[in-house]
Amino acid sequence: MQRRDLFLRLSRIAAVMAWQQVFPTGARAQSPHDAAWASSGDPFPLGVASGEPQSDSVVLWTRLAPMPLQADGGMPQASVPVRWEIATDARFTQVVRQGVIVAEPAVAHSVHVLVEGLASGRTYHYRFEAGGHRSPVGRTRTAPDPAEPVQQLRMALASCQHYEHGYFTAHREIAASDVDLVLFVGDYIYTTDTPGHIRVRSHAHEMDPNPAGRTLADYRIHHANYKLDDDLRASHAAHPWLMVWDDHEVMPDYTGDTAPGVDDQRAFLAARAAAYKAYFEHMPVSPRRVPFEASMPMQGRYRWGRLADLWTLDTRQYRDAALCTEWPRALMHGKLLWRCEAIKSDQRTFLGHQQEDWLAAGLAGSDANWRFVVQTTQIAPWLIRSPMGPLTYAEGWDAFPMARARMMQAIAQPRVQDVVFLGGDVHRHVAANLRLDPFDRASPVIASEVVATSITSKGMSEVANAWVREGNPDVLHMRSDQRGHVLLDVTPREVRCVFRGTPHPVQPQSKLRTQATFVIERGKPGLRKA
Ligand code: FE
Ligand code: CA
């Protein structure tokens, strides 16, 4: 096991080095291909992005694709040098770092520049240049010094942006907001359409629902399609992002190395490898995350001075397979489970045992004012009492009750206080208190949960919400009729959560309004309405 680990790590480092050879500033690889692609138009229609800020570094991203809806982006099968620069001012009179990185055809001419040696707690501006073209300017930020007593952190929490279900107006608001970080918690792309559902626009390209029919080219075109949206590009260019993924980046409801209704596991793993690779190629994630075969390391840890520690979790790649997927154990297309005892095994894991231990150890060692656990979905149980007995939601933590109990145990340790879970996936705004034992009203509230509704993806019916609210009085707020995001204003004293929303489907010119505001006071787990 250890040897395999070491081998994986070395392979990854070699892969990174192969396309991270930095040329001396100003160097140009002249090739006969150069002129052809450079004259075919702007190579930066997918924009620029940044992410994973630390106190001394940040990742800058772009991808050269003058013909973005072609699988090769309209680029030759050749390496192309890309110049990057980062400055303290938007006019680039104070450039603090610059270099040349090679964009390789093997990664769709994407570049992931890990810029190190930056000052802490600062705003920076960055841009790229290739083939005589200049990219748009992006703005980013480094985290404050880990020891600094920071007074404020502002974040936007978002997820679930089905391109066909509405316009990305929420991103326009995020782009214009004064936030330090954007937390995007999954379902960045959707690879399936929803027949019979309202559609305000169409994907440029349709994907085979069957994994055997999907290729890397399919996923690349799909990602490019999303990045061509002006509001999404603006949101990336305005702020650094921290990202986790959910199922739709690969295939609906997949769990680890299997997907429901897919018999050919090998074909599924090949599709997963293609999906992870295309995801890497299109996101402002660290070059250290470069996928190897069908896996890609996604979890991360970040710190915002002494104010906050943040963990970003991968709840898909290591998740155990769904159980009881056959009728009559599974109802509503496998979304609800009935009398499925097998899910109660304590062997079952949602995060993978390694990631579980890593999170527990990190939480125990954290000395920040706040601990934010950033993951995909809702943790507060949906207790659906039906005439046939209780039904369990199959797609989230509810189907992994022992894994959730272990995570709650880790939080119940006396040293681990002021924990806030941030999630998405369920297409509704949720504010909930989390108890050590969620099924026991006498058990103490030990953490708070905030879930952001979708940017565009259709929400569930009010009937379903009513079931959930009725079954779980710790759910203080739940609305699925609006699309939007959550603004989180963090100070040493409190976290203010502003649920922003607009009716479904989102129209291009729609304005978001505040649906509700909740406050979490430090030292007092749980939310209260402001
Ligand atoms: Fe979703
Ligand atoms: Ca999802």
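Indexing begins at 1, ligand by ligand and atom by atom, following the structure's order.
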State plainly whether the residues [X] and [Y] are in salt-bridge range, i.e. N to O under 4.0 Å.
X      : Y      : answer
Arg301 : Asp309 : yes
Glu341 : Arg339 : no
Arg154 : Asp489 : yes
Asp346 : Arg406 : no

Tell me if the CG atom of Asp263 is crowded by more than 12 foreign heavy atoms within 6.0 Å.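 No, not enclosed.
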His477 ring center near His429 ring center (under 6.0 Å):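 Here the rings of His429 and His477 have centres that are no less than 6.0 Å from each other.
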Using 30° and 60° as the class boundaries, would you call the ring planes of Phe184 and His171 parallel, tilted or perpendicular?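 If you compare the ring of Phe184 with that of His171, the planes turn out parallel.
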Chi angles and distances behind the side chain to side chain donor-acceptor pair (under 3.5 Å) call for Ser50, Arg141: CA-CA 9 Å; Ser50 72; Arg141 236 190 130 65; over 6 Å; no
Under 3.0 Å from the Ca ion (ligand 2), how many protein N/O/S atoms do you get? Just the number, please.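 Protein heteroatoms (N, O, S) closer than 3.0 Å to the Ca ion (ligand 2) number 4.
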Does either side chain, that of Asp229 or that of Tyr226, offer a donor lying less than 3.5 Å from an acceptor on the other one?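 Tyr226 and Asp229 do not have a side-chain donor-acceptor pair below 3.5 Å.
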So what's near the Fe ion (ligand 1), protein N, O or S atoms under 2.8 Å?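 Metal shell, protein only: Cys160 SG, Asp187 OD2, Tyr190 OH, His427 NE2.
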